[in-house]
Amino acid sequence: MGKFDLDDLLKDLDSPDSSSVEEDTAPDEVAVPEADVQPPVNPMFVRKDPKEIPRPPDFTGKGLGEEVVSSNVPDNADPVRIKPNDALSPIFSPDSEEEEVASDDFSQQLLDLGLINTEQLATANRVVKQTPGKSLASALIEAGADEVAVQRVVAEVNRLPFERIDYESDDAYDQKALHRLTPEFCKASLVLPLRREGARMVVGTVDPSDVFLLDDVKRRLGVPSVKHVLVAAGDIRGVLEFLSENEVEEYNVDEILADVDEDDVEVVAEAEEEEDLGEAESSPVVRYVNHIIQTAVKEGASDIHIEPGEKTLKVRFRIDGVLFEIMNPPRKMHAALTSRIKIMASLDIAERRLPQDGRIRATVLGRKLDLRVSTIPTPKGEKTVMRILDNRSINVVLNDLGFSEDTLVIWKNQIAQPHGIILVTGPTGSGKTTTLYSSLQTLDLRKLNVSTVEDPVEYDLANITQIQTHEKINMTFAAALRALMRQDPDVIMVGEVRDHETATIAIQAAMTGHLVLSTLHTNDAPSSITRLINIGIEPFLVGASVNSVLAQRLVRKICSNCKEPLPLSDEIQEFLQIHNIPGDNIMHGTGCARCRETGYAGRSGLFEMLVLDDHLRDLIARNPNVTEFRRQCVERNMTSLRQDGYDKIAAGITTIEEVLRVTEATI
């Protein structure tokens, strides 16, 4: 066995110099030949008492003898009792203290800047402790902190540059490198190649410490080095979403129809189910249905109508509340198109005599959508209507719905009430569901138990319990409400108050300390009060439980691309004078390709806010007629739907024709 110089090894580990320990040999001792020299013995491992039982050392300083309390060890101290920690401590010292200090600095900086509050910090710390691998920054963002602001501070603490990404700009990211990484990889890893700087690729990520991700990106891109910058996760998702919308494969309608010969699609008998299935799954039909759905999503349509005629077939889209005829496929394609849609919605393709309802879950233009399908028989064939349910339509903040400043403040105060009933009223398609969902998302869902009863559940809401009604098994609104009352609720949203039983349970919930939000189908806000009385609710209960009613409509906004001042004719000037509308900012749209030559693009809400005070509650208890009650509400400064429309005309948001069109029944 070879020899080991323990002195040299310990000297490399910065151990105490062996010369400080008393040597047993005399200085004048005669040297012996090298062959007879014994290996040097480290005095630290010499037992002073030969009878002492040897014990192995450990890294805490115990095991070589009693623990040395004082660091001032005298020169003549027993070397057996000296802690050997001095040489090994730099290797085994933990980094937890440094990490805690960095975390504290990060938290304190966010608090000092006012980006978070102590409650959010406490919540995030609890989540981090109970979720292995979760960072404090991500927990704070989930707790409601601004993502961009938090990421700026993370970058500053980690001494990394921070950048924002303008996803609509062509220079915001390296498209070639992005396609090489693939959008799927970038979305899963939250990474984005931004640009080249010489031979180096600038890469944006969300996590400042994920060096393995950077190595993976460098390997996939084949670049010698990368420069790491920090970005916001929302910016990366925005780029990928924008990319998916603008780079989806386009289908040329003429090319699709060129593949379809007249003999390829035939109207088959009801008994020939297998042949019909084959027709419905043929390539041209599948591609054409995909083309219809993709075009509808791109145009921002809310509904797709496929309507058969005697010799024609029309496809119409409802865009901004108005139907537009978009396509005219060959009439012989009708049976195959309908069957294909039924297959997608898991409906019975052989049944053409009864209405059917179904649902399609699909990914269109990179977005997950639900399409609610309804078919109904007509003498000219089955008509199919598909409603497009896109979560984007409900992810709208209250400020963007079209509320005036005063109405918005009142509405926010109402949904913050601890108990009572709040009603939203209007016809189908007036935006009631969007208003209610947007209102629910402003609540503190971490502290409140929020539940909904809907028919059907159109959108999935995070952190909210949603219940679907089923009339066939007697799971009605009233039954679901009765069950929810035993679920310790704070806020309950009822899809619609339809009957006496549902209204009674909703009023009982409101009067026992719960906030109830629901809808009614009435033309204006005062009519909702009389409607509740008419379905059998005692007037004094209505006055005691209802807090407020919001009536609303949707009007088309003037297209910003072709917007210009409207020449005022004598008739228009007279109308403006009668209704006290300033004529300085009256606009209209001339029509362009972006708005399909209509002059309108997008929609805004008109709102009529009725808040019940003591005077109106006393009036309700006397069961007034709707005309008298409405007059009293207007006298108490309730802004009507039409007056709100006039304000939006004066602001240049919409036109006179639009306001009169949607408020004709609410003069």
Is it true that atom [atom1] of [X] has more than 12 heavy atoms of other residues, nucleotides or ligands lying nearer than 6.0 Å?
X: Arg636; atom1: CZ; value: yes
X: Gln417; atom1: CD; value: yes
X: Asn625; atom1: CG; value: yes

Any side-chain to backbone donor/acceptor pair from [X] onto [Y]? Under 3.5 Å, distance only.
X: Gln151; Y: Val231; result: yes
X: Lys563; Y: Gly652; result: yes
X: Gln466; Y: Tyr459; result: yes
X: Asn413; Y: Val409; result: yes
X: His521; Y: Gly426; result: yes
X: Lys380; Y: Thr312; result: no
X: Thr407; Y: Ser404; result: no
X: Thr384; Y: Thr338; result: no
X: Asp320; Y: Gly602; result: yes
X: His334; Y: Glu382; result: yes

**Request:** Please test Leu576 against Leu568 for side chain to side chain contact (heavy atoms under 4.5 Å, CB included), starting from the C-alpha separation and ending with a verdict.
**Result:** CA-CA 10 Å; Leu576 297 177; Leu568 301 181; 4.2 Å; yes
Contact summary for [X] and [Y], nearest pair of heavy atoms:
X: Gly431; Y: Leu554; value: N-CD1, 3.9 Å
X: Val659; Y: Gly645; value: CG2-O, 3.6 Å
X: Ser439; Y: Trp411; value: OG-NE1, 2.9 Å
X: Ala510; Y: Val516; value: N-CG2, 4.1 Å
X: Phe477; Y: Gly495; value: CE2-N, 3.7 Å
X: Asp644; Y: Gly605; value: OD2-O, 4.1 Å

Salt bridge or not between [X] and [Y]? Use side-chain N to carboxylate O under 4.0 Å.
X: Asp370; Y: Arg359; result: yes
X: Lys187; Y: Glu184; result: no
X: Glu299; Y: Arg596; result: yes
X: Glu608; Y: Arg630; result: yes
X: Asp146; Y: Arg152; result: no
X: Glu635; Y: Arg631; result: yes

**Selection residues 303-319 - residue pairs positive for salt bridge (Lys or Arg N to Asp or Glu O under 4.0 Å), sequence neighbours left out** = Asp303-Arg387, Glu307-Arg316, Glu307-Lys383
**Message:** For His291 and Tyr288, take the angle between the two ring planes, folded into 0 to 90°, and tell me which bin it lands in: parallel under 30, tilted 30 to 60, perpendicular over 60.
**Reply:** perpendicular
Please tell me if the side chains of [X] and [Y] come closer than 4.5 Å, counting only heavy atoms from C-beta onward.
X: Thr295; Y: Lys298; result: no
X: Val289; Y: Leu337; result: yes
X: Ile415; Y: Thr442; result: yes
X: Thr655; Y: Ile649; result: no
X: Val546; Y: Val549; result: yes
X: Ile653; Y: Val555; result: no
X: Phe629; Y: Leu616; result: yes
X: Leu610; Y: Asp524; result: no

**Message:** The criterion is salt bridge (Lys or Arg N to Asp or Glu O under 4.0 Å); which residues satisfy it with Asp584, sequence neighbours excluded?
**Reply:** none
**Request:** For Asp444, check salt bridge (Lys or Arg N to Asp or Glu O under 4.0 Å) against everything at least two apart and list the hits.
**Result:** Arg446
**Prompt:** Side chains of His579 and Gln643: donor-acceptor distance under 3.5 Å anywhere?
**Reply:** no
